[in-house]
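So the structure is just underneath, and the comments pick up after that.
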Protein chains: 2
Amino acid sequence: MIDDTKPAGGSVLPSTRRSIPIALIRAREKVMGPIREMLSDCGITEQQWRILRVLEEYGPQDASTLAERACLLLPSQTRIVQTLLEKGLVTRQADEKDRRKQTVAITPAGQAIINDKLQDAKAIAARIEEVIGKEKLAQLLDILEDFQKL
Amino acid sequence: MIDDTKPAGGSVLPSTRRSIPIALIRAREKVMGPIREMLSDCGITEQQWRILRVLEEYGPQDASTLAERACLLLPSQTRIVQTLLEKGLVTRQADEKDRRKQTVAITPAGQAIINDKLQDAKAIAARIEEVIGKEKLAQLLDILEDFQKL
DNA sequence: CTCATATATTTAACATAGCAAATATTGCAC
DNA sequence: GTGCAATATTTGCTATGTTAAATATATGAG
């Protein structure tokens, strides 16, 4: 007698082996391994690194913009900037014109951390490009961008 | 005089706009939006859903295997299974032969949740396929799989 | 000017991620 | 069978993710 109350092997939903959300996590996990290792040396986390990177790339900016660019929710951004303040890696002050807005900027100490890790970061990026291949990486980025249309 | 101590705009590291880790998060965020919405109805989280899905797909299994398949760290798995136990959606018991191992299984109540959300989940998957395209999705999964070689 | 409403950020509360240390069992050497 | 190294899970701690509620400031209607 066949028990059809419980489908045997993923015939109902796509198998978790070909699940987009899971595949995205798995890939990300692999990419972040070396990056976390690089950052653990200087005692900052992946998200703290993203904040510094964005501030370095775009310059001083308000909290919402920073969160958007660093791909963080506002509450996370607030807390992370607070710890970066304590570490002296960023500054934060209310906007003169609109006092609701907070302007965040990187400090020389923050910039120094980026400079210190620059070679390591480039090496990691190069390794990824070597393993995956330049064209596939470009394809990947393009496809991932399409998800914003969802 | 040019200030070359602080590179102006991402000339040193790849721009955060073309950063693989960030692109992976952004895409995942978009994919998870509708899924979280679907799950919030029945009061379970994304990770709890992954655990249930894996248990349903592969049947009863030990904690390590479950964590690996659901793409969770063991400590996370432990805690999530604990809350699922309290909800009565899974069972957990020590293996007879090796009492270090814990065998986790889905309950009828857990299976019922999956069955309830089946149509919604399939609709979400279909929508993604419609927007991104079947071939691109396949390409994406293949490229993401390559990251395991890192 | 005053109040209701909209905007920008922060807090609060709960669930997870990630890492290190602690537990519990096994299996094996002596 | 005792003790030690290896294996399987769980706990403890700090940092984030996520959502909802609280704060603070700005703006426009009347």
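Here is the naming used below: chain letters follow the sequence lines, and residue numbers restart at 1 for every chain. None of these values were measured; they are calculated from a predicted model.
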Determine whether more than 12 heavy atoms belonging to other residues, nucleotides or ligands lie under 6.0 Å from atom CD of B:Gln148.
yes

### CZ/B:Arg99: more than 12 non-hydrogen atoms of other groups inside 6.0 Å
no

Legend entry - Under 3.5 Å donor-acceptor, B:Arg50 side chain and B:Ala70 backbone: yes

Rounded to whole Å, CZ of A:Arg79 lies from P of C:dC14 at a distance of 14 Å

Rounded to whole Å, the CE-C1' distance (B:Met32 to D:dT19) equals 15 Å

Between CG of A:Leu66 and C1' of C:dT9 the distance, given in whole Å, is 13 Å

In short, salt bridge (Lys or Arg N to Asp or Glu O under 4.0 Å) pairs touching residues 21-30 of chain B with sequence neighbours left out are A:Glu68-B:Arg26, B:Arg28-B:Glu46

Rounded to whole Å, the CD1-P distance (B:Ile35 to D:dT19) equals 13 Å

Taken to the nearest whole Å, CZ/B:Arg50 to P/C:dT16 is 10 Å

I'd like to know if B:Arg18 pairs up with A:Asp142 as an ion pair, taking the criterion as any Lys NZ or Arg NE/NH1/NH2 lying under 4.0 Å from an Asp or Glu carboxylate oxygen.
yes

Could you go through A:Asp98 and A:Arg100, starting from their C-alpha distance and side-chain angles, then the distance that decides it, and tell me whether this counts as salt bridge (Lys or Arg N to Asp or Glu O under 4.0 Å)? CA-CA 5 Å; A:Asp98 186 342; A:Arg100 291 170 303 181; 2.8 Å; yes

Atom CD of A:Gln61 and atom P of C:dT9 are separated, to the nearest Å, by 11 Å

Under a 4.0 Å heavy-atom cutoff, the residues of residues 68-77 of chain A touching DNA chain C are A:Leu74, A:Pro75, A:Gln77

Expected output: side-chain B:Thr107 to main-chain B:Gly110 donor-acceptor under 3.5 Å: yes

Problem set entry | Main-chain N/O of B:Gly59 paired to B:Gln61 side chain as donor or acceptor, under 3.5 Å | yes

Report task. For A:Arg36, answer base if it contacts any base atom (sugar-phosphate contacts may also be present), sugar-phosphate if it contacts only those atoms, and nothing otherwise; contact means non-hydrogen atoms under 4.0 Å. Result -> sugar-phosphate

What residues 21-28 of chain B contributes to the DNA chain C interface at heavy-atom separation below 4.0 Å is none

The correct set of residues in residues 80-102 of chain B placing a heavy atom under 4.0 Å from DNA chain D is B:Gln82, B:Arg92, B:Arg100, B:Lys101, B:Gln102

Run the side-chain donor-acceptor check on residues 79-91 of chain A: report pairs under 3.5 Å with partners two or more places apart or on a different chain.
residue: A:Thr83; atom: OG1; partner: A:Gln48; partner atom: NE2; Å: 3.4
residue: A:Thr83; atom: OG1; partner: A:Ile80; partner atom: O; Å: 2.9
residue: A:Lys87; atom: NZ; partner: A:Gly43; partner atom: O; Å: 2.7

Quiz item: Within the side chain of A:Glu57, is there an N or O that forms a donor-acceptor pair under 3.5 Å with the backbone of A:Leu55?
Solution: no

Which of B:Ile35, B:Asp41, B:Ile44, B:Ile124 passes side-chain contact (heavy atoms from CB on, under 4.5 Å) with B:Lys117? It is B:Asp41

Using the rule that two of Ile, Leu, Val, Met, Phe, Trp, Tyr join whenever any of their side-chain heavy atoms come within less than 4.5 Å, decide whether A:Leu74 and B:Ile22 are in one cluster.
no

The single option from B:Ile20, B:Ile143, B:Leu24 that satisfies side-chain contact (heavy atoms from CB on, under 4.5 Å) with A:Leu144 is B:Leu24

Here the residues of residues 39-49 of chain B within 4.0 Å heavy-atom distance, strictly under, of DNA chain C are B:Thr45, B:Gln47, B:Gln48

